[in-house]
> 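Could you have a look at this structure, given as structure tokens, before my questions?
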Amino acid sequence: MRAMRQINEKILRFIQTVPMTEFADGAFQQLALKLFQHQYENNAVYRGVCLQQNLTPKVITAWRDIPAVTTSAFKEVPLACFPVNEALAVFHTSGTTQKRSGKHYFRTLDFYHAGMRRSFAEFGLAPYKKMRLLFLGPTAEYFPNSSLGYMFSGWRDEFGDEQSASFFSPAGVDAAALQNALEIAIRENIPVFILGTALALLECMEVFQRQKRKFKLLCGSRILDTGGYKGRRVEITRAEFRDRLHETFGVPREYLLNEYGMTELSSQFYESRLSHRARTKQSAMPSALCPQHFMPPWVRVVAVDPEHLKILPESEIGLLRIFDLANVDSVMAIQTEDLGRAWQDRIELTGRATGAELRGCSLLTEAIVRGA
Amino acid sequence: MLRDFFIPDNFQKPPAQTQQQDGVVYEPTRLSATWLTQFTESFVQPAIGFEKGAQAWQQRAVQAWSQVAQEWRNLQFPEAEALLTALAAKTRLSRKMLQEALRNHFWNMQENVLLRWLAQVRKDRGPKKLPLATAYPDFVFLVAAGNIPGVAIHPVVQLSLLGIPTLVKTASAEPLLLPTILSSLARHDPQIASRLAALTWPRHASALTEAIMAFNPQLAIFGDDETIANFEDRSKPLVGFGDRFSLALVSPDADEPDIFDNLAYDTCMFEQRGCMSPQAILLLTDNWEKVEHFSRELANAMAKLNAQLPIGSRTPAQQSSIQQWRGAYAARLAAGEKILLLTSPGTEWTIVAAENIALEERVAYRFARLWPIPSIDRAMSILRRYEIQLQALATSLTLDETKKFLPQFRGIVTPFVHIVDTFPGSMQKPFFGWMDQNKAWLRLTRAFIEW
């Protein structure tokens with residue numbers, strides 16, 4: 001118990017204080033190995049997965065070698081270092097008719113909160129202490145089991161001004177109310193920060209397009225989308241999506257931001273050209289065609305070869321395996337189904353496996369061949 | 001030269017340009033709504049069916065198709081080499097797998113089989129037309145899925161035997177196979193081929209689809225449920241082959257020496273991407289040792305077959321799916337469930353035996369799931385639960401088990417005639433009339449208003 005408290009305190013302090021540009025192995029490695037030991041001892045299912053591969057804390061000496069569980073495992077079994085009936089929060093992955101929803105149990109949200117708070121403040125997401133945050137995505141009031149909802153609500157409470165609001169509920173998006181809020185902000189000369197899922201943003205933009213309505217948001221305004229527009233009947237490319245955001249809201253392209261995250265993690269990645277500039281002090285930006293997402297320094301990523309799950313050299317394309325120290329009470333090492341390249345401090349997403357391709361005779365051919 | 005279209009000789013061809021891709025010269029078309037409308041106007045005509053002169057048509061059609069089938073079974077058609085190369089590149093299936101696929105599509109398309117099928121159709125319609133019988137449609141628009149190459153072959157042959165003008169929209173991922181088959185047919189009998197056409201265009205080119213829909217065709221859709229739903233509001237009743245899967249029900253005590261090779265074959269053919277591919281093997285036993293033995297024997301058969309029918313090339317996304325499925329079962333095993341997980345060193349094949357299998361979650365790419373079930377009654381409850389989605393069931397049981405199972409199975413099959421009743425090793429070699437298990441298809445080929 002005491003050891004657990006110690007490791008928790010150290011990790012929380014690390015998340016709160018580590019410089020955002022600090023990606024040397026030293027402190028991270030130490031904490032990762034301790035956390036692995038803790039999870040191996042206290043998470044019986046995870047221990048079982050490790051033993052299947054004969055990987056125990058005795059033989060693991062580097063964070064890269066810590067065994068990972070697949071995201072699919074969260075759909076099958078509880079992966080927690082504590083009795084799940086003691087969970088303070090349970091975040092659910094989105095399920096489909098084919099895929100069941102997964103559950104991520106949290107004994108405490110301190111780590112999650114500390115991470116999202118620092119990311120917001122230090123990834124260059126918002127330039128002001130308080131900003132007008134307008135949400136087109138889940139918030140905790142309506143969606144208590146959504147990790148995104150928790151994050152949005154947390155940001156609103158901490159960084160939003162009094163007029164910050166959500167325009168998304170189980171009934172859908174409220175484009176009329178958003179329009180009203182945008183017009184007020186323009187009238188009052190207040191920059192806004194629109195945050196939402198790509199799908200909700202698209203829905204709104206389609207309403208505005210039908211009404212032939214465009215906005216010129218104040219300088220300093222920005223938009224963050226969390227992805228998730230794939231699977232629509234009419235798909236659009238990322239570049240088209242960004243063009244539409246720019247044209248509809250009048251926000252410069254470099255202030256169009258993207259978040260990459262998943263319920264199985266407690267930390268997120270940001271495709272923020274602003275943070276890239278701040279970090280590297282270079283004027284060159286990553287190409288819009290190959291957007292790069294930056295990670296906080298309490299996270300590491302490797303790409304693994306999809307055939308044998310062996311770790312690939314830096315910058316080779318493979319399946320991303322993420323090591324998130326903020327996943328204290330579940331599993332730190334997560335094997336995703338996302339394809340990309342990984343560097344010390346960032347990733348480049350190149351694709352994602354889709355379960356939709358597996359539907360017997362109904363299989364969408366295009367999905368199989370291209371989908372891949 | 002390969003083409004991604006087949007337009008009979010007596011019609012004006014669409015504009016096309018020779019290209020080279022994947023080492024193969026071929027001629028893709030550039031379609032316009034105007035050309036499609038002009039073509040369809042002259043293509044639509046009364047079906048032959050069983051009207052006057054039908055017998056001569058049917059004899060010629062049977063002969064032509066059986067000759068085509070013989071050529072294709074033996075890969076003795078001029079474009080064979082180029083087609084296999086192109087298909088391997090487009091589908092990522094190995095050449096050996098593709099050769100086997102072509103043999104399977106045509107394996108029982110002999111003259112006597114086609115004649116027998118026509119006789120059955122005539123019998124179903126009655127000696128004189130039954131009151132509910134009606135004229136055959138003058139135009140069928142068949143949308144073919146591309147999950148496995150050649151999924152539309154049998155339906156097209158049946159429509160051809162009935163002389164129904166049929167335009168096939170092939171999947172843009174695999175547009176070459178059907179036009180090449182129709183070219184073979186045209187070489188044998190251009191008149192029989194004159195009532196068939198194959199074209200391809202992307203799903204989002206709705207102007208082209210609408211040009212066809214303006215002729216109010218009878219629709220036959222092989223696709224996902226969403227594709228079928230998109231067409232469902234149209235005027236005529238739709239024939240839909242949507243989201244379906246298959247199962248095997250096997251007793252470890254059945255006297256079938258080739259059972260492991262047969263199940264491995266059914267699982268591996270078409271990389272388990274078809275609706276006739278087994279999503280699970282229900283293993284009739286409550287003895288876990290038997291389950292383990294069966295799993296290991298099946299693993300040996302899968303490894304052996306991997307050499308005979310190689311996988312071709314898998315995409316990273318396909319490999320990722322396999323790793324995620326394996327990871328899910330590994331976690332369940334770690335959580336204490338009784339599970340056996342056997343895998344190849346890479347992602348070539350996987351065998352899972354588990355006491356609970358979620359059939360809602362589909363697998364593919366040589367991922368065999370063994371589901372031990374203690375009794376026929378339990379098997380029946382699983383079959384009843386999934387009967388609406390079940391395309392085929394392959395059985396291999398002891399005599400006593402068969403006696404108990406068959407009456408119960410027929411009980412559910414009769415009202416839901418779409419389940420194909422077959423045997424391990426035959427799931428990927430469907431007999432010629434397999435679509436007759438689909439009520440809507442039966443209505444189309446028998447030309448009944450109602451059933």
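In the text below, chain A, chain B and the rest are named by the order of the sequence lines, each starting its count at 1. Bear in mind that the values here come from a model prediction, so they are computed numbers and not experimental data.
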> Show the nearest heavy-atom pair for residues B:Ala331 and A:Ala73, with the distance to one decimal.
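Closest approach of B:Ala331 to A:Ala73, heavy atoms only: CB-CB, 3.5 Å.
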
> Tell me, for B:Leu333 versus chain A, whether the close heavy atoms (under 4.5 Å) come from the side chain, the backbone, both or neither.
both

> So how far is it from B:Glu361 CD to A:Ser72 OG, rounded to the nearest 0.5 Å?
8.0 Å

> If we define contacts as heavy-atom pairs under 4.5 Å, which of B:Gln324, B:Arg326, B:Gln319, B:Arg314 has the most with chain A?
B:Gln324

> Heavy-atom distance under 4.5 Å to chain B: side chain of A:Gln52, backbone, both or neither?
side chain

> Please classify the contact between A:Val77 and chain B as side chain, backbone, both or neither, with a heavy-atom cut-off of under 4.5 Å.
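Interface part for A:Val77: side chain.
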
> Minimum heavy-atom separation for A:Thr70 to B:Gln323, with atom names?
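Taking A:Thr70 first and B:Gln323 second, the nearest heavy atoms are CG2-O, 3.7 Å.
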
> Under a 4.5 Å cutoff for heavy-atom pairs, which residue among A:His308, A:Gln335, A:Glu76 has the most contacts with chain B?
A:Glu76

> What part of B:Glu337 is in contact with chain A, defined as an atom under 4.5 angstrom from a non-hydrogen atom: side chain, backbone, both or neither?
neither

> Do you know the tightest heavy-atom contact between B:Thr347 and A:Pro306?
CG2-O, 3.8 Å

> A:Glu337 and B:Ser320: side-chain donor and acceptor closer than 3.5 Å?
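Absent: no donor and acceptor within the cut-off.
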
> Can you name the nearest heavy-atom pair linking A:Glu307 to B:Gly346, along with the distance?
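That closest heavy-atom pairing would be OE2-CA, 3.3 Å.
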
